K.L.:
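Dropping a structure here in structure tokens format, bear with me for questions.
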2 protein chains.
Amino acid sequence: MATGRTHRPATRSRGIPEATVARLPLYLRALTALSERSVPTVSSEELATAAGVNSAKLRKDFSYLGSYGTRGVGYDVEYLVYQISRELGLTQDWPVAIVGIGNLGAALANYGGFASRGFRVAALIDADPAMAGTPVAGIAVQHTDDLDRIISENGVSIGVITTPPGAAQQVCDRLVAAGVTSILNFAPTVLSVPEGVDVRKVDLSIELQILAFHEQRKAGEDTTAEDEGAPPMRATPTGRKGPDGDMPAVMPA
Amino acid sequence: MATGRTHRPATRSRGIPEATVARLPLYLRALTALSERSVPTVSSEELATAAGVNSAKLRKDFSYLGSYGTRGVGYDVEYLVYQISRELGLTQDWPVAIVGIGNLGAALANYGGFASRGFRVAALIDADPAMAGTPVAGIAVQHTDDLDRIISENGVSIGVITTPPGAAQQVCDRLVAAGVTSILNFAPTVLSVPEGVDVRKVDLSIELQILAFHEQRKAGEDTTAEDEGAPPMRATPTGRKGPDGDMPAVMPA
DNA sequence: ATGTCTTTGTGAACGCGTGCACAAAGATTG
DNA sequence: CAATCTTTGTGCACGCGTTCACAAAGACAT
Ligand SMILES: NC(=O)c1ccc[n+]([C@@H]2O[C@H](COP(=O)([O-])OP(=O)(O)OC[C@H]3O[C@@H](n4cnc5c(N)ncnc54)[C@H](O)[C@@H]3O)[C@@H](O)[C@H]2O)c1
Ligand SMILES: NC(=O)c1ccc[n+]([C@@H]2O[C@H](COP(=O)([O-])OP(=O)(O)OC[C@H]3O[C@@H](n4cnc5c(N)ncnc54)[C@H](O)[C@@H]3O)[C@@H](O)[C@H]2O)c1
């Protein structure tokens, strides 16, 4: 922290670790809840518990913001809410476009949690001509033909892709060409984008597969180490389990 | 790799790094695509590109599986598909229960990508009595009152929570009590679970906020370093930007 | 059989993220 | 004002994950 009191508190901005950035929204959520209950201050310990993280980690995270806690007291809730919001860029509102208004796209469009955090659904775009004009969540769906114009006119820089996987890369290219520089991709596809464009993906299948892996491991360790009479340890799906154990399988020639 | 040929190829199972596990589904997806095109073998380089990762990382990942590549040739696609599927526990099918059949829950229920990867929607559960019996995606919604029985009867060990945030912890507790040991949580809540239960979360708002952070940083670095006449570099949302720059803000007393 | 050429599997170095543990800062009390 | 008590901010060490770079393994040609 270097004793010298540089009058600029926060601006260590350049260099907030990615892992920290990913946790800021978590802190913000917990702080917002406290703020609504009019709690004036929190200790790192309390807040860490609420956010589900280690308190030392939380303090270190805040130290990157140059944040002002008060030793012996804790952090000022309102002040932190503002600081984190600012750091995340949530003092502005971000117009977002959703492309591919099917099951998932429609669900997202209807989701209220967007607006409450500074994001505004500015446009819904779909390739199906039949959908053009149809209102979803109170917003008329527009056709892909106008994608470029829609993005430009609304100043959209964040795009959400909820099209089928086959269309994702193409849609992505068009979004980027139109000026979008951040993409949230729900299609199970690896998108390639030019430098300077951020892509984050949400993949339900991957999450489930990771869970399945651990689930299987739990089951396996039961049968290996512990006795089988362990009470509440299922983890053997669908009943079938029997003669399937190792299977040398296909093996290449 | 230790020259000695222990007849058991894979079973280095205990000790696959978490980061590797998280990438296996990615590889699997890429391999499945190759398999459908009847491609017999791939090099680590090709596969890595398809999966969007570094080839050295991919090779190291496979080495944890004790995988058999062939030097000078690459990996046998079918064999790898099987090995990874087995490692992830996808040779079995996993019955999944979705709790909270609203916008998102219904979208997930309708999603086809489940079944194709070894997961089966075994039950849809909602607290709204009006929904009980209503078919969603061809499955009748059941009432929360029967949650325990439903989980038990179907041998569900993976639960998906898509209820409002306020209900999430309670639903989680009931799922765990009923025998669920893996939870995928879409509600913006920190769930607390007993040891041995895995929780993964999907949080759209967090993803957007992370994107917003980087988006803002891109914009900020423009105004600092480069001239303002830069052509395709938007990243200033909603036009308003002016007298708002620093704002000493509330500051604690 | 020998040599060349391709590609794997991994040793080693590095960087990031995490968590412990504690000195210092400040509040609070007497 | 001094003593005490609480809680921050961070130095430090450790472990995980990533990446480079290369020896060895094997395919393939001659
Ligand atoms: N529904 C889910 O729960 C879920 C879960 C995980 C992943 N996903 C993925 O999300 C994506 C969407 O899923 P869904 O269930 O909503 O599918 P969906 O078929 O219901 O909707 C897709 C929509 O995209 C539109 N579309 C197709 N091509 C387009 C194009 N080139 N430009 C613009 N729009 C186009 C279609 O008209 C349709 O309205 C898929 O990639 C799917 O794999 C969905
Ligand atoms: N819709 C989205 O795109 C989206 C995006 C991100 C996060 N989320 C989160 O996902 C969750 C669901 O969102 P949604 O838009 O589908 O909400 P929704 O209101 O449409 O659906 C919630 C459903 O849960 C049911 N429910 C309420 N309490 C319950 C209980 N105790 N047990 C069982 N069921 C119960 C309700 O009857 C309703 O059908 C929310 O937590 C939301 O924050 C949604």
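In what follows, chains are A, B, ... by sequence order, proteins preceding strands, each numbered from 1. None of these values were measured; they are calculated from a predicted model. Heavy atoms only: backbone and side chains are in, while hydrogens, waters and symmetry mates are out.
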K.L.:
Could you check whether any side-chain N or O of B:K218 sits under 3.5 Å from a backbone N or O of A:T181, counting only pairs where one atom can act as donor and the other as acceptor?
P.N.:
yes

K.L.:
Could I get the full list of side-chain contact (heavy atoms from CB on, under 4.5 Å) partners for A:S192, not counting sequence neighbours?
P.N.:
A:Q169

K.L.:
Please state how far atom CG in B:D76 lies from atom C1' in C:dT7, giving the value in whole angstrom units.
P.N.:
15 Å

K.L.:
Suppose the criterion is ring-ring contact (aromatic ring centres under 6.0 Å, His included): which pairs have a residue in residues 21-47 of chain B, not counting sequence neighbours?
P.N.:
B:Y27-B:F62

K.L.:
Who are the side-chain contact (heavy atoms from CB on, under 4.5 Å) partners of B:V81, not counting sequence neighbours?
P.N.:
B:L28, B:L31, B:V77, B:S85

K.L.:
CZ of B:F62 versus P of C:dG9: gap in Å, rounded?
P.N.:
10 Å

K.L.:
Per the salt bridge (charged side-chain N to carboxylate O under 4.0 Å, His left out) rule, what does the pair list look like for residues 45-65 of chain A, sequence neighbours excluded?
P.N.:
A:R23-A:D61

K.L.:
Would you jot down, in residue-number order, the residues of residues 27-61 of chain B having a non-hydrogen atom under 4.0 Å from DNA chain C?
P.N.:
B:S43, B:S44, B:R59, B:K60

K.L.:
Establish whether the base of D:dA27 is bridged to the side chain of B:R71 by a donor-acceptor pair shorter than 3.5 Å.
P.N.:
no

K.L.:
Would you please confirm or rule out a distance under 4.0 Å between OP1 or OP2 of C:dG9 and any side-chain N or O of B:Y75?
P.N.:
yes

K.L.:
How long is the line joining CG of B:L65 and C1' of C:dG9, in whole Å?
P.N.:
13 Å

K.L.:
What is the distance from CD of B:E18 to P of C:dG17, rounded to the nearest Å?
P.N.:
17 Å

K.L.:
How would you list, by chain and number, every residue that makes a side-chain contact (heavy atoms from CB on, under 4.5 Å) with B:P165, sequence neighbours excluded?
P.N.:
B:P188, B:T189

K.L.:
Pick the nucleotide of DNA chain C nearest each of A:G72 and A:A19; which residue has the one closer to the 5' end?
P.N.:
A:A19

